[in-house]
Chemist: 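One structure, as structure tokens, below. Some questions next.
What you are looking at is a predicted structure, and each value in this text was computed from that prediction instead of being measured.
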Amino acid sequence: MNDYFIERFGALNMSRIESITITPIAFRDPPLLNVYGVHEPWALRTIIEVHTESGHYGLGETYGDTQTIQQLRSVAPALKGLDIYQLNSIRQRIQDTIELPDPDAGLEIAPGTLGATTVPRIFSAFEVACLDAMGKITGRPVYDLLGGKVRDRVDYSAYLFYKFGRHQFTDDPWVDRWGEALTPDQIVQQARKMIDEYGFRSIKLKAGVFEPAQEIEALKALRAAFPDHPLRIDPNGGWSVETTLSLLSELDTELLQYLEDPAPGQSGMSQVSAATPIPLATNMCVIGDFHLRSAMEQNAVQVILSDHHYWGGLKATQDLAYFCKVWNIGVSMHSNSHLGISLMAMTHAAATIENLSYACDTHYPWQDEEVIKGGKITFTEGAVEVTDAPGLGVALDQTALAQLAHNYDTCGIRARDDVSEMRKYIPDWKGTVPRF
């Protein structure tokens, strides 16, 4: 009996958090254009390692701005000694410990949401790392810890951007392999290269960069070149309601699978929704459960793009998917510049969601560097396959981590700022929305 209790409760103690390592990193990012401006030469992320008393570790990946790093580091000591299986306790400890950020810090994803998104954003990074560690301890993949997979592979979309040919204001000798994309023909060339390399079977165009007529011309060129690929366009709220309504005669369900955030805010989206059968998608006007009721009351959106990094983690993403199922709302996933840990976290969650309606977004093809062993994750016919490997199925490459941490130390960037970067090209650039 004593041996039984020693074995049982000793094992439980082995799942307690012994230490947490938080490493800011930077990796090269192409000059991708959007409604706010242009990506800087370096993208920032943070790698989280949760080490247990058993010697196992789990990985998380999240944003890399100074304030997020400070928040992660501020709560990490308070999590020491907690059991990685007790995620509710971990979340509560974060909520009790964290200081809400300065409202003028520039981190708001949507107006008025900074306090409401802080705890979910910080908790998510630790939740993923704990789930990864649980999987490594039990020998089970994360999708099993989330209830089991309903698909063996998760489809992703070719994520197209207008872009400059190179960063003009840096001494970094890195060569951007994608080249310039400022015209409809160049966008088609970009799509062809991405589809040839990764096998994507749907296409998304980041918009709000040029006059809408030019971007619709690019959509029509993509439709002619890829007649069997569903298309989406995302102006990031860059079109006014009036502009969007005037464009609807050029847009229909034959051209678009969905229209993502054409106009800013739920009120603007609801006005557009009332005038078109095209499904409206968002990752901007619904970014937490506090937005759901008003969005449904206004019929503002028909597709919600979750992002576990700010929605509150992988389990919260499943909760959102269940809500979408009840309300007959489409569900998929949003993306920002990220590496393989985030990609696999997205993939494991998506593998468990029965009503995943559309291929997920990913910036992954735009990134050349990696922080996991074995290098870049492979796409097969535009999809990432899930395996029965424990946890997320990835391991940390400490040499690569050290190099990317050195990049962070030397790159001089501490928060993403597309507006200021664009002012290097266009001094009077405003970066306000809507633009058109």
Chemist: Which value, rounded to the nearest 0.5 Å, describes the distance between H334 atom NE2 and I304 atom CD1?
Modeler: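 Going from the NE2 atom of H334 to the CD1 atom of I304 covers 14.0 Å.
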Chemist: Verify whether the ring centers belonging to F161 and H363 lie closer than 6.0 Å.
Modeler: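 Aromatic pair counts; centres sit under 6.0 Å.
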Chemist: Looking at D132 and L392, would you say the former's side chain and the latter's main chain have a donor-acceptor pair under 3.5 Å?
Modeler: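 Answer holds: yes.
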Chemist: When you look at E40 and R416, which way does the salt bridge (Lys or Arg N to Asp or Glu O under 4.0 Å) test go after all the steps?
Modeler: CA-CA 7 Å; E40 296 164 292; R416 176 176 167 178; over 6 Å; no
Chemist: Of the options R28, K376, R177, which is the one that meets D368 in a side-chain hydrogen bond (donor to acceptor under 3.5 Å, both in side chains)?
Modeler: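 Among R28, K376, R177, the one meeting side-chain hydrogen bond (donor to acceptor under 3.5 Å, both in side chains) with D368 is R177.
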Chemist: Calculate, to the nearest 0.5 Å, the distance between atoms CZ and CG belonging to F126 and L131 respectively.
Modeler: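 These two atoms lie 13.5 Å from each other.
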Chemist: Go through the steps for F379 and F200 under the test ring-ring contact (aromatic ring centres under 6.0 Å, His included), then give the verdict.
Modeler: CA-CA 8 Å; F379 287 78; F200 294 120; 5.5 Å; yes
Chemist: Could you report the tightest heavy-atom contact between A415 and L44, atom names first, then the distance?
Modeler: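 Heavy atoms of A415 and L44 come nearest at N-CD1, 3.6 Å.
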Chemist: Under the criterion ring pair (Phe, Tyr, Trp, His ring centres under 6.0 Å), which of W366, Y162, F164 is the partner of W178?
Modeler: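 When ring pair (Phe, Tyr, Trp, His ring centres under 6.0 Å) is applied between W178 and each of W366, Y162, F164, only W366 qualifies.
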Chemist: Verify whether one side chain among T282 and D261 offers a donor that lies under 3.5 Å from an acceptor in the other.
Modeler: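 A pair is found: one side chain offers a donor N or O, the other an acceptor, under 3.5 Å apart.
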Chemist: Taking atom CZ of R153 as the centre, does the number of heavy atoms from other residues, nucleotides or ligands within less than 6.0 Å exceed 12?
Modeler: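 Result for CZ/R153: enclosed.
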Chemist: Any side-chain heavy atom of N34 within less than 4.5 Å of one from H39?
Modeler: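 Touching, per the 4.5 Å side-chain cut-off.
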Chemist: For the side chain of Y358 and the backbone of Q257, is there at least one donor-acceptor N/O pair under 3.5 Å apart?
Modeler: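 It does not hold such a pair.
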Chemist: When you measure from the side chain of Q318 to the backbone of L146, do you find a donor-acceptor pair of N or O atoms at a distance under 3.5 Å?
Modeler: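 Confirmed, Q318 side chain pairs with L146 backbone.
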Chemist: Are any of the side-chain nitrogens in K204 or D234 under 4.0 Å away from the carboxylate oxygens of its partner?
Modeler: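 Looking at K204 and D234, the cut-off is met.
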Chemist: Between T399 and D397, is there a donor-acceptor pair closer than 3.5 Å when you use the side chain of the first and the backbone of the second?
Modeler: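 Not confirmed, T399 side chain does not pair with D397 backbone.
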Chemist: So does K325 pair up with E354, basic N to acidic O under 4.0 Å?
Modeler: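 Salt bridge: yes.
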Chemist: Once you round to the nearest 0.5 Å, how far does CD of E53 lie from CD1 of I84?
Modeler: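 It is 10.5 Å, given to the nearest 0.5 Å.
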Chemist: I need the minimum non-hydrogen distance between L314 and E127, along with the two atoms involved.
Modeler: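 Smallest interatomic distance, heavy atoms only, reads N-OE1, 2.7 Å.
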Chemist: So, does N236 use its side chain to make a donor-acceptor pair with the main chain of G238 at under 3.5 Å?
Modeler: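 Between the backbone of G238 and the side chain of N236 there is no qualifying donor-acceptor contact (under 3.5 Å).
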Chemist: Between E297 and R293, is there a side-chain N and carboxylate O pair less than 4.0 Å apart?
Modeler: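 Looking at E297 and R293, the cut-off is met.
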Chemist: Once you round to the nearest 0.5 Å, how far does CD of Q190 lie from CG of L182?
Modeler: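 Atom-to-atom, Q190:CD and L182:CG are 10.0 Å apart.
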Chemist: Under 3.5 Å, is there a donor on one side chain and an acceptor on the other for Y408 and T23?
Modeler: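 There is no such pair (donor and acceptor under 3.5 Å, judged by atom type) between the side chains of Y408 and T23.
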Chemist: Working to the nearest 0.5 Å, report the span between OG of S337 and OH of Y63.
Modeler: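 Output value for this atom pair is 11.0 Å.
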Chemist: What I want to check is whether the side chains of N336 and D307 have a donor and an acceptor closer together than 3.5 Å.
Modeler: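 N336 vs D307: no donor-acceptor pair found between side chains.
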Chemist: For a quick check under 3.5 Å, do R121 and T62 share a side-chain donor-acceptor pair by atom type?
Modeler: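 No donor-acceptor contact under 3.5 Å links the two side chains.
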Chemist: Hey, is the main chain of L305 close enough, under 3.5 Å, to the side chain of S332 for a donor-acceptor pair?
Modeler: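 Checking the backbone N and O of L305 against the side chain of S332, no donor-acceptor pair under 3.5 Å is found.
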Chemist: Ignoring hydrogens and geometry, is there a side-chain-to-backbone donor-acceptor pair from Y198 to S157 under 3.5 Å?
Modeler: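 The answer is no, because no donor-acceptor pair under 3.5 Å joins these two groups.
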Chemist: Answer yes or no: is there a donor N or O on one side and an acceptor on the other, between the side chain of Q302 and the main chain of L280, under 3.5 Å?
Modeler: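 The answer is yes, because a donor-acceptor pair under 3.5 Å joins these two groups.
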Chemist: Taking all heavy atoms of A400 and all of E370, pick out the closest pair and write down the distance.
Modeler: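 Looking at all heavy atoms of both residues, the shortest contact is CB-O, 3.4 Å.
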Chemist: Compute whether any side-chain donor of one residue and acceptor of the other, for N407 and Q403, lie under 3.5 angstrom apart.
Modeler: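 Q403 and N407 do have a side-chain donor-acceptor pair below 3.5 Å.
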Chemist: Using only atom types and a distance under 3.5 Å, with no angle test, would you say the side chain of E260 pairs donor to acceptor with the backbone of A281?
Modeler: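 Not a single qualifying donor-acceptor pair exists.
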Chemist: Take T52 and S15 through the test side chain to side chain contact (heavy atoms under 4.5 Å, CB included) and record every step on the way to the result.
Modeler: CA-CA 6 Å; T52 70; S15 61; 5.5 Å; no
Chemist: Taking the ring centre of each residue, are Y156 and Y364 less than 6.0 Å apart?
Modeler: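 No, the ring centres sit 6.0 Å or more apart.
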Chemist: Indicate yes or no: at least one non-hydrogen side-chain atom of L222 is less than 4.5 angstrom from one of L160.
Modeler: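 When only atoms from C-beta onward are counted, L160 and L222 do touch, with a gap below 4.5 Å.
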Chemist: Count the heavy atoms of every other residue, nucleotide or ligand shown that sit under 6.0 Å from CG of N328, and state whether that count exceeds 12.
Modeler: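 For N328, atom CG is not crowded (no more than 12 foreign heavy atoms under 6.0 Å).
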Chemist: Would you say that L205 contacts L231 through its side chain, given a criterion of any heavy-atom pair below 4.5 Å between the two side chains?
Modeler: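 In short, these two side chains do not touch, never coming nearer than 4.5 Å.
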Chemist: Applying side chain to side chain donor-acceptor pair (under 3.5 Å), which residue pairs with at least one partner in residues 426-436 are found, sequence neighbours left out?
Modeler: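 Every candidate side chain to side chain donor-acceptor pair (under 3.5 Å) pair involving residues 426-436 fails, so no pair, neighbours aside, qualifies.
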Chemist: S273 vs Q298, test: side chain to side chain contact (heavy atoms under 4.5 Å, CB included). Steps then yes/no.
Modeler: CA-CA 9 Å; S273 177; Q298 298 178 72; over 6 Å; no
Chemist: Any idea which heavy atoms bring S306 and L320 closest together, and the distance?
Modeler: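 Heavy atoms of S306 and L320 come nearest at CB-CD2, 3.4 Å.
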Chemist: Go through it in stages, so that I can follow the logic: the residues are W42 and T410, the test is side chain to side chain contact (heavy atoms under 4.5 Å, CB included), and I'd like the CA-CA distance, side-chain angles, deciding distance and then a yes or no.
Modeler: CA-CA 11 Å; W42 298 93; T410 59; over 6 Å; no
Chemist: Using atom types as modelled and distance alone, determine if a side-chain donor or acceptor of E421 lies under 3.5 Å from a backbone N or O of V38.
Modeler: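 Looks like no, no N/O pair under 3.5 Å.
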Chemist: So if I apply the side chain to side chain contact (heavy atoms under 4.5 Å, CB included) rule between H56 and each of K136, H51, E18, M14, which one comes out positive?
Modeler: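 Answer after filtering K136, H51, E18, M14: K136.
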Chemist: Hydrogens and angles aside, do H308 and S342 bring a side-chain donor and acceptor to less than 3.5 Å of each other?
Modeler: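 No.
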Chemist: How long is the gap from SG on C324 to CG on L292, to the nearest 0.5 Å?
Modeler: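 So the gap between those two atoms works out to 7.5 Å.
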Chemist: Within 45 degrees of the ring normal and closer than 6.0 Å to the centroid, is that where the cationic atom of K206 sits relative to Y159?
Modeler: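 Relative to the ring axis of Y159, which defines the angle, K206 lies outside at least one limit.
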Chemist: Can I377 and I372 be said to form a side chain to side chain contact (heavy atoms under 4.5 Å, CB included), step by step?
Modeler: CA-CA 9 Å; I377 292 166; I372 57 176; 3.8 Å; yes
Chemist: Assess the side chains of S74 and E99: does a donor N or O sit below 3.5 Å from an acceptor N or O?
Modeler: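 S74 vs E99: no donor-acceptor pair found between side chains.
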